[in-house]
Student: 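For reference, the structure I am asking about is given below.
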Amino acid sequence: MGRTIASITQTWLQEEAALKRFERALRKDDQLLLEELLVRSRQHLAEASYASNLYPLDMYLIAILLEVYKELKALQRQAAQAEASTDPQVQLNSGKEARFLQLLNETLESFAPQETLELAAESPQAVPADLSVSVSYTAFEEAP
Amino acid sequence: MSSTTFRGWLLDLYLNQQDGLTLWFISESDDSRVCFTQRFPVTFYAAGAPDDLRRLWKALRKEPGVTKLARQQKQDVFVADPVDVLAIDVDTPAHQVELFHRLEDKFPTLIWYDADVTISTRYIARYGAFPLALCQLEADNQNRIQSLETLNSRWDVMPALPPLRILELAPDVDPTHSPAQALNLRSDRFSKSLPLDEQGSYLHAINAALVAYDPDILVTDWGDSWLLPFLLRQSEQLGIPLALNRDPNRPVRWQKEITYFSYGHIIYRPEEAHLFGRCHVDRKSAMMWSDYSLAGTLEMARVTTLPIEKAARVSPGQGISAMQVITALQKDILVPYQKRQVEEFKSGLQLIQSDRGGMIYQPKVGLHSDVAEVDFVSMYPAVIIHGNISPEVPLPDVLSPASEELGVVPLTLKPIYEKRVALKAKTRFYPPDHPMAKTLKARSAALKWLLVVCFGFLGYKNARYGRIEAHEAVTKGGREVLLRAKEVAEEEGFEVLHMYVDALWLKKKGCSKPEHFEDVMHKISSRTGLAIALDGIYRWVAFLPSKTDPRVPIPNRYFGIFQSGEIKVRGLEARRRDTPRWIAQVQTEMLTCLGQARTRAELPEALRAAFQVYEQAVKQLKQGKVPPELLVVNGKVSYALEAYKSATASVRAARQLQAAGMQIRPGQRVRFLFMQGEPDVYAWELGGQVDPAKLDQHKYLELLAKAGGSVLLPFGIDPQVLMEWTLKGGIQLPLDTWNKAF
């Protein structure tokens with residue numbers, strides 16, 4: 001028993017070897033980045049094997065794109081969370097109910113300094129509907 | 001001529017020049033061992049051009065031993081229409097073997113069928129009798145069998161087995177390392193130590209045991225490679241006859257040593273000593289002894305019909321091959337002598353798409369809790385049976401069979417698969433440490449190996465019933481099944497942490513009990529048509545990255561603990577054959593400590609305990625308290641020693657043995673120790689005392705750090721830091737970092 005076609009890992013090594021001249025010509029800091037990019041494609045070897053594409057490099061590039069996009073999305077989420085701690089509107093959209101309620105309390109306090117309201121995270125319905133706040137409760141219900 | 005009726009279990013069967021066959025039975029009524037003979041004419045076939053067949057007919061007309069020649073039409077599974085053949089009836093199997101080899105040279109253009117079928121295979125095809133089958137026979141007063149009927153089936157889940165007499169004979173030490181001083185002789189009735197004195201009194205003692213106990217199976221250690229050759233040599237030199245065989249007219253039969261290539265490995269099999277009338281099983285050269293012991297070996301012999309001695313030594317592939325031949329003979333299909341099918345033409349793209357193995361994903365590296373491992377029950381055999389994949393029938397459209405009548409391969413596999421399922425079901429009735437549970441597990445393991453190799457044999461170029469397209473159809477089916485399972489799991493909200501050919505690791509918040517996974521498994525089963533089982537739920541499982549690049553996940557490197565407390569380890573040093581025993585023990589002990597953690601809260605304590613084990617091991621090694629025999633590395637040479645340009649440690653050790661006059665064959669295991677200075681290795685087989693102070697402590701510390709690092713890595717301990725700590729000491733290890741890893 002033996003395979004005629006190289007395994008997906010062997011193919012990956014061949015593709016990596018094919019980039020060696022390109023890599024050599026790169027500046028040192030670019031070389032390091034390229035190496036990091038290539039490693040990302042190894043996360044999807046099984047999928048590349050299943051695809052059985054005539055040009056495996058296409059699959060590796062898509063695998064790299066996918067991983068980079070995944071990291072981009074993760075960074076976007078982190079950035080959004082970081083921003084949310086300073087921007088009340090973003091915080092409303094962040095989907096964190098507890099933070100949202102904390103923010104709501106703060107907002108209510110600022111609009112009604114005489115009556116301080118403490119809202120429990122479990123009972124958002126406790127918010128009085130007639131309070132004159134800039135954002136109505138029904139709108140908050142839509143918050144993710 | 002008067003005839004008697006006899007009932008008993010078939011123990012041994014072999015060719016006999018005069019009568020055809022010699023058969024040994026264990027009597028059901030009085031525990032005696034009885035020898036019979038039987039006439040056994042055999043038939044083989046030739047096909048080819050009409051002129052060639054006529055020349056053959058003319059040549060055979062007056063051939064002694066040929067009893068009949070007839071023109072017939074028979075079915076060759078690889079040919080659509082029946083084939084015209086010349087059927088050649090020969091009086092004895094021994095004549096047939098000799099005649100066929102002459103004819104093969106004389107008529108090279110003819111195609112031969114049923115020409116090299118072994119005698120045990122022919123016998124079961126005709127009488128249904130297999131090793132340890134209960135038979136009833138009629139014999140004349142000279143013990144010549146007139147008729148025989150088999151009373152049980154090789155597919156019986158709980159068969160009535162004979163009361164086998166087993167005699168164990170082993171040297172007191174590993175004779176490849178140091179000279180044996182005595183032999184240990186053991187049975188269910190006695191246990192003796194026989195000093196190897198100059199007068200050879202041990203030979204008399206062995207003879208006496210063989211006569212008095214009359215064993216059916218002689219179980220030895222190093223029997224093939226050292227013990228039996230030593231005893232026979234001593235017997236000759238001292239003039240003390242040694243009657244190892246039950247058949248007094250036969251000497252021990254020696255089968256030559258061989259080296260062969262199998263599943264990417266070079267395998268060496270030493271010379272084999274075969275007995276007549278009883279069986280010799282050498283535990284050290286038995287193929288799968290560690291997996292399924294004697295119970296599994298006997299199951300393998302019964303199911304495959306290979307003689308017990310052969311079933312113990314050959315790969316399960318030979319067993320499955322024999323079973324396929326039996327299926328063909330029983331269906332009156334011709335058994336080709338040589339395979340004539342070639343691979344079909346494929347375009348480049350078709351080749352790229354079809355020449356693929358199973359799906360092996362990259363796991364999500366790290367520590368995960370409450371993970372279920374589910375796997376398909378014997379996935380490839382199930383795909384073969386479900387899709388009716390056989391070389392002679394149209395191949396399925398992914399998983400839907402293209403024809404209803406089962407081909408030779410699924411027909412052979414189906415009863416093995418069903419018997420294994422039945423054995424596994426029976427095992428559940430017994431506690432895990434019950435002797436019956438162990439026996440059932442060993443038998444089930446033997447069947448598992450048959451099922452495993454059957455798929456490989458479909459793609460083996462020399463397999464009679466092999467065809468690469470059928471092999472590819474199986475892997476294609478397997479990939480489809482796994483992807484369907486993934487789709488179902490994700491639809492049901494599970495996270496698929498890992499997939500490996502036939503197994504999936506699933507996780508979902510709130511799912512930690514078997515019943516939480518029943519629904520998804522049921523849905524997977526109905527979408528794929530294959531049975532899926534819950535292997536277990538891990539309290540936690542760690543998927544490890546590559547040792548060389550921590551960013552790269554490795555599919556088969558993980559460990560975890562099931563809720564039952566059972567630890568599962570794959571790809572770690574403890575599982576490798578070349579890892580020194582002591583290092584494997586330390587790693588296993590560390591894993592056992594971690595396994596004590598039943599909850600996440602208990603993990604820090606367990607981690608501390610595991611580290612203490614490691615720390616203690618480092619101390620022991622540095623103080624030279626580890627016995628050298630536990631530090632032996634079990635290496636291997638894959639090629640002839642002259643072929644190596646740069647010598648690995650195994651090769652350097654092998655060259656020491658060669659210089660000492662020993663023969664080293666490719667595939668042979670070579671055990672050695674790492675030593676300080678030059679030479680840096682010491683071949684264990686050279687014998688003698690090894691001074692522990694001269695061992696290469698640094699090298700062993702490195703090996704230990706690697707093994708410890710694999711276990712501690714998922715808990716946030718950098719293997720490099722551990723290595724430095726081990727070699728130099730004094731670095732503070734961040735034992736609290738595990739928390740970040742979860």
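First the proteins, then the strands, lettered A, B, ... as listed; each starts at 1. If you're wondering where the values come from, they're calculated on a predicted model, not measured in any experiment.
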Student: Tell me if the CH2 atom of B:Trp449 is crowded by more than 12 foreign heavy atoms within 6.0 Å.
Tutor: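 Open: at most 12 neighbouring heavy atoms sit under 6.0 Å from CH2 of B:Trp449.
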Student: If the test is side-chain hydrogen bond (donor to acceptor under 3.5 Å, both in side chains), which one of A:Glu36, A:Glu35, A:Gln43 qualifies with B:Arg551?
Tutor: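 Exactly one candidate clears the test, A:Glu35.
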Student: Select one option (side chain, backbone, both, neither) describing which atoms of A:Ala6 are under 4.5 Å from chain B's heavy atoms.
Tutor: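 The backbone, not the side chain.
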Student: Measure the spacing between NZ of B:Lys476 and OH of A:Tyr50 and express it to the nearest 0.5 Å.
Tutor: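 Here the rounded value is 9.0 Å.
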Student: Flag yes if more than 12 heavy atoms outside B:Lys507 fall under 6.0 Å of its NZ atom; otherwise flag no.
Tutor: yes
Student: Where on B:Leu458 is there a heavy atom nearer than 4.5 Å to chain A: the side chain, the backbone, both, or neither?
Tutor: neither
Student: Could you tell me which portion of B:Glu343 (side chain, backbone, both or neither) has an atom closer than 4.5 angstrom to a non-hydrogen atom of chain A?
Tutor: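 Looking at B:Glu343, nothing touches chain A.
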Student: B:Ile352 and side chain to side chain contact (heavy atoms under 4.5 Å, CB included): which partner among A:Thr11, A:Asn53, A:Leu54?
Tutor: A:Leu54
Student: With heavy-atom distances below 4.5 Å as the criterion, would you say the side chains of A:Leu45 and B:Tyr361 are in contact?
Tutor: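 No - every pair of side-chain heavy atoms lies 4.5 Å or more apart.
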Student: Testing the basics here: between A:Ser52 and B:Arg356, what is the closest heavy-atom pair and its distance to 0.1 Å?
Tutor: OG-NE, 3.5 Å
Student: With a 4.5 Å heavy-atom cut-off, do B:Asp549 and A:Arg42 have their side chains touching?
Tutor: no
